[in-house]
Amino acid sequence: MGSQHNILSSIFLIFLFLIAVVGTPSSKLYIVYLGERKHEDANLVTASHHDMLSSLLGSKEEALSSIVYSYRHGFSGFAAMLTDSQAEQIAELPEVISIKPSSSIPLHTTRSWDFLGLSLAVDQQEHSERLLQRANFGDGVIIGIVDTGIWPESKSFDDHGYGRIPSRWKGTCEVGQNFTVKDCNRKIIGARWYTAGIEPSEISIDYLSPRDKNGHGSHTASTAAGSFVHNASVGGLGAGVARGGAPRARLAIYKACWGIGTCSEATVLKAIDDAVHDGVDILSFSLGRQFNQSYASVHAVAKGITVIFSAGNDGPLPQTLSNDLPWEITVGASTIDRSFPTIITLGENLTMVGQSFYNATKDEGFKELVVIPSCFAAAINSTDVAGKFVLCGDTLFAAGSVPAGARDANIIFSQVVLSLEEAKAKGVIFSEFSLVAPLFEGIICVLVDKSVLWQIYKFGNNTRSPMVKVSPSYSIVGSRVMAPRVAAFSSRGPSFWYPDLVKPDVTAPGVNILAAVGDSYKFESGTSMSCPHVSGVAALLKAVHPEWSPAAIKSALVTTAYTSNAYGFPIEANATPRKLADPFDFGGGQINPDRAVDPGLIYDVDPKDYLMFFNCANSPSSNACDLVDNHLYHLNLPSVSISDLKTSLRVWRTVTNVGDMNSIYKAVVESPPGVIMTVEPSVLEFNASRRTHSFALTFKALQMVQGSFTFGSLSWCDGGKHSVRIPVAIQVVIQDYFSDAS
Ligand SMILES: *[C@@H]1O[C@H](CO)[C@@H](O)[C@H](O)[C@H]1NC(C)=O
Ligand SMILES: *[C@@H]1O[C@H](CO)[C@@H](O)[C@H](O)[C@H]1NC(C)=O
Ligand SMILES: *[C@@H]1O[C@H](CO)[C@@H](O)[C@H](O)[C@H]1NC(C)=O
Ligand SMILES: *[C@@H]1O[C@H](CO)[C@@H](O)[C@H](O)[C@H]1NC(C)=O
Ligand SMILES: *[C@@H]1O[C@H](CO)[C@@H](O)[C@H](O)[C@H]1NC(C)=O
Ligand SMILES: *[C@@H]1O[C@H](CO)[C@@H](O)[C@H](O)[C@H]1NC(C)=O
Ligand SMILES: *[C@@H]1O[C@H](CO)[C@@H](O)[C@H](O)[C@H]1NC(C)=O
Ligand SMILES: *[C@@H]1O[C@H](CO)[C@@H](O)[C@H](O)[C@H]1NC(C)=O
């Protein structure tokens, strides 16, 4: 039945696309939010949208040609091409909660291997055999990926040995350019694509279909749920078995992002709406904030879908986090324990170690080393760098002034690499700046520590005809590497809009992640890469505990995350300077899937509570909101953040026992400095008739000092294997207007 429907639906989509692109000169794409649906039947929801537009625009035909997407499975709303004055008229209608132009959303794309230095291959060891096997590798779980599409020929999406598609699946395989129904299989069980609100220039460089030109979508999909692929590597580096977190989970592809990586609110909302209809279990988004168009994800969560977002790549400064809603799982990025050391030999005897993706079989002997004061194009043009290794003065001297991981540094460095490639340099030795892919194509890029860079600089500056030899890299995994660390680029909390939430929720590996791009494999770094790690793990948890709500899955991940590494050292966060990670760097900590499957207790949330807080946040003046204290710290989240503690404050939490029926948990309290934190009761006894307990957490400011956030934790310990830890962040304030973001 599929194919005719698919052809029709793609013709229809192309038709919509033309409308979206052509429109009328003064119209633009608006998104209208009408709140919860009034009808169970989705067709009636759409009919109500048509009616609303018809009466406004004067005719049914006008309405049909103006509407682009009808959102009807999760919430009620639509995207339509409207003039500003039509939008104003719609805004006046009583049933309209909000209307705003569709904005563009960036992908949280490629951040490279800047702090690759000391890393750790968590994805091999981390997902313990136990969880993987208990979850039967995620079989039966459906992960929806909202991204740039999919490359169906990749071995990671091979469906060999897969059973039937789950019967509850209601999605479809939309066809288009270089993508036929045959490109969906038992692994890629559905694929859809959306173009409204996307710049035509972005669409024209892409396939007009679910096929992934960019590569980002295939990378994230294969990280979450790629099948086992032996001998995956980049030119021999990082060789091993490539696989997703839930290698047997099914993939549902929603292509909402195009070209170099822009998505639109209209497309992302439509993807969520369809995913709710289609029956996905997990939704994974490696893309930017949807601002106030977040209602789609809360409705998905209310339907039992676990929604996972990347935190963003704008770290290490505070308040740079972009996906910060309480019902989402927001994922920061951390390093892994795999590195690619390369030996640098200076002159006869001096050797140092850097990191690179230089994958030749043998070194090419000594080459000249040139130190140039600046690596901007003009300076490179006026120096003979052909066949030589270049050390850029900029890299050396700018290092202190450019915040590590700053976006500009990234752009500057990619320009430097391009200029050096054009000038036929052999390679470049640098520090601090991060590389944008391609990692090693034209020239050899060697990342070194600042102190090493300084020594090479002195050697080059003080030696007549300095020579340097760079040996091919090799991979080391595991030993001697201090990992994980929060990656410098990983966006940090507190959330600008919602400081009464601890965000991000957790971190996961996001540096030098090898996954599918096109027919081969590539290293990429970013929270885009860490997000699908959590999506894969969430799929495994869902497979073992199908009854768990999205809040329970999040609670299990947060309360079992670890805050110290395998050597017992507290996890650090890369920044300048490096520091101990706090909850606004890594939430509960680094995910620990094997413990998450057996968390002991969970902090569950009734989705209605999310909706209540959300609706009050949207319209605080409504009657329902006057009656309740709608601060977000009253939500039953597995964390507490209070951004305005005056003298004292009490919050309540409820935990549900999902471990041994008869168990006794005792509270272990670590008060944030400057605050006294008490728990009442401090012992919880669970048995067959008592599965949940509520307790009060009271915070008293010790000194009335205008403070910044300080951090602590509450752990419920059963004396055995369970220690259910939640992070606590408290800021004491005297005056309302004071804010300290630093
Ligand atoms: C896409 O389709 C065109 C025409 O059928 C073909 O020439 C081209 O090789 C295809 N490209 C890919 C990447 O499959
Ligand atoms: C991996 O590649 C090596 C060398 O190319 C080969 O000997 C080995 O059999 C391959 N392993 C698999 C599982 O394909
Ligand atoms: C090095 O990597 C490049 C790019 O991935 C690849 O084309 C080349 O074959 C690799 N070289 C070796 C010796 O493996
Ligand atoms: C290198 O080391 C050798 C012996 O270890 C020594 O004789 C030689 O002088 C050293 N060369 C330089 C340039 O330091
Ligand atoms: C550098 O040289 C190239 C080729 O000769 C030229 O195209 C480019 O404009 C020059 N750039 C600068 C900044 O001088
Ligand atoms: C670099 O070389 C110049 C000129 O030889 C010298 O004055 C300067 O001290 C050197 N700098 C370093 C850091 O060695
Ligand atoms: C989001 O909503 C809040 C509260 O309603 C409002 O203050 C803010 O300006 C909105 N932000 C955007 C980006 O629309
Ligand atoms: C269960 O525990 C509660 C306290 O949490 C206790 O009051 C009750 O008596 C216990 N019931 C049984 C059957 O042990």
Side-chain angles (χ1 to χ4, degrees), residues 131 134 304 306 326-327 500-502 505 541-542 544-563 583 587-589 592 594-610 612-613 628-629 631-642 648-672 675-700 712-730:
L131 171 57
R134 280 181 68 182
T306 300
W327 49 83
D500 290 334
L501 294 176
V502 170
D505 292 291
L541 294 176
K542 185 78 185 171
V544 178
H545 302 291
E547 74 288 1
W548 278 11
S549 67
I553 289 176
K554 170 155 124 178
S555 174
L557 287 166
V558 171
T559 60
T560 59
Y562 55 89
T563 57
N592 188 349
D594 195 27
R595 279 193 59 213
V597 70
D598 180 19
L601 306 177
I602 54 175
Y603 292 75
D604 209 348
V605 180
D606 181 341
K608 285 201 197 78
D609 287 351
Y610 289 140
M612 183 184 79
F613 283 101
V628 294
D629 179 356
H631 277 99
L632 287 168
Y633 44 66
H634 291 306
L635 265 175
N636 196 45
L637 297 171
S639 59
V640 179
S641 175
I642 299 172
S648 80
L649 185 75
R650 172 171 297 177
V651 301
W652 290 88
R653 289 290 184 272
T654 300
V655 285
T656 305
N657 183 18
V658 294
D660 302 331
M661 184 103 68
N662 297 302
S663 36
I664 297 175
Y665 282 84
K666 295 194 171 108
V668 176
V669 172
E670 187 206 342
S671 293
V675 175
I676 297 177
M677 173 174 151
T678 49
V679 187
E680 186 56 43
S682 62
V683 177
L684 306 179
E685 191 185 334
F686 297 91
N687 54 35
S689 53
R690 197 67 199 263
R691 283 192 66 234
T692 67
H693 272 289
S694 295
F695 58 88
L697 271 171
T698 308
F699 300 92
K700 281 203 177 71
S713 66
L714 165 69
S715 304
W716 288 106
C717 302
D718 67 353
K721 60 185 171 179
H722 298 121
S723 165
V724 189
R725 182 184 179 279
I726 63 171
V728 172
I730 308 289

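Ligands are counted one by one from 1 in listed order, and the atoms in each one are counted from 1 as well.
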* **Exercise: do R691 and T656 side chains pair donor with acceptor under 3.5 Å** => no
* Asked: Going by the atom numbers of ligand 8, which of them fall below 4.0 Å from some non-hydrogen atom of N687?
  -> 1 (C), 2 (O), 3 (C), 8 (C), 10 (C), 11 (N), 12 (C), 14 (O)
* **Check: S555 side chain, I602 main-chain N or O, donor-acceptor pair, under 3.5 Å** => no
* For H693, the ligand 8 atoms whose distance to one of its heavy atoms is below 4.0 Å -> 5 (O)
* Asked: For ligand 8, which atoms, with element, lie under 4.0 Å from some heavy atom of S689?
  -> 11 (N)
* Asked: Which ligand 8 atoms does E685 reach within 4.0 Å, using its non-hydrogen atoms?
  -> 5 (O)
* Asked: Between H634 and H631, how do the two ring planes meet: parallel, tilted or perpendicular, split at 30° and 60°?
  -> perpendicular
* Could you tell me whether A688 approaches ligand 8 through its side chain, its backbone, both or neither, with non-hydrogen atoms closer than 4.0 Å? => neither
* Asked: Given the protein's heavy atoms, is any one of them under 4.0 Å from atom 5 (O) of ligand 8?
  -> yes
* Evaluate the side chain to side chain contact (heavy atoms under 4.5 Å, CB included) criterion for residues L557 and L541: first the C-alpha distance (whole Å), next the side-chain angles of each, then the deciding distance (0.1 Å), finally the verdict. => CA-CA 9 Å; L557 287 166; L541 294 176; 4.0 Å; yes
* Taking all non-hydrogen atoms of both residues, which atom of A696 and which atom of R650 are closest, and how far apart? -> CB-CD, 3.8 Å
* **T692 OG1 to L601 CG distance, which is reported to the nearest 0.5 Å** => 11.0 Å
* Is there at least one protein heavy-atom neighbour under 4.0 Å from atom 11 (N) of ligand 8? -> yes
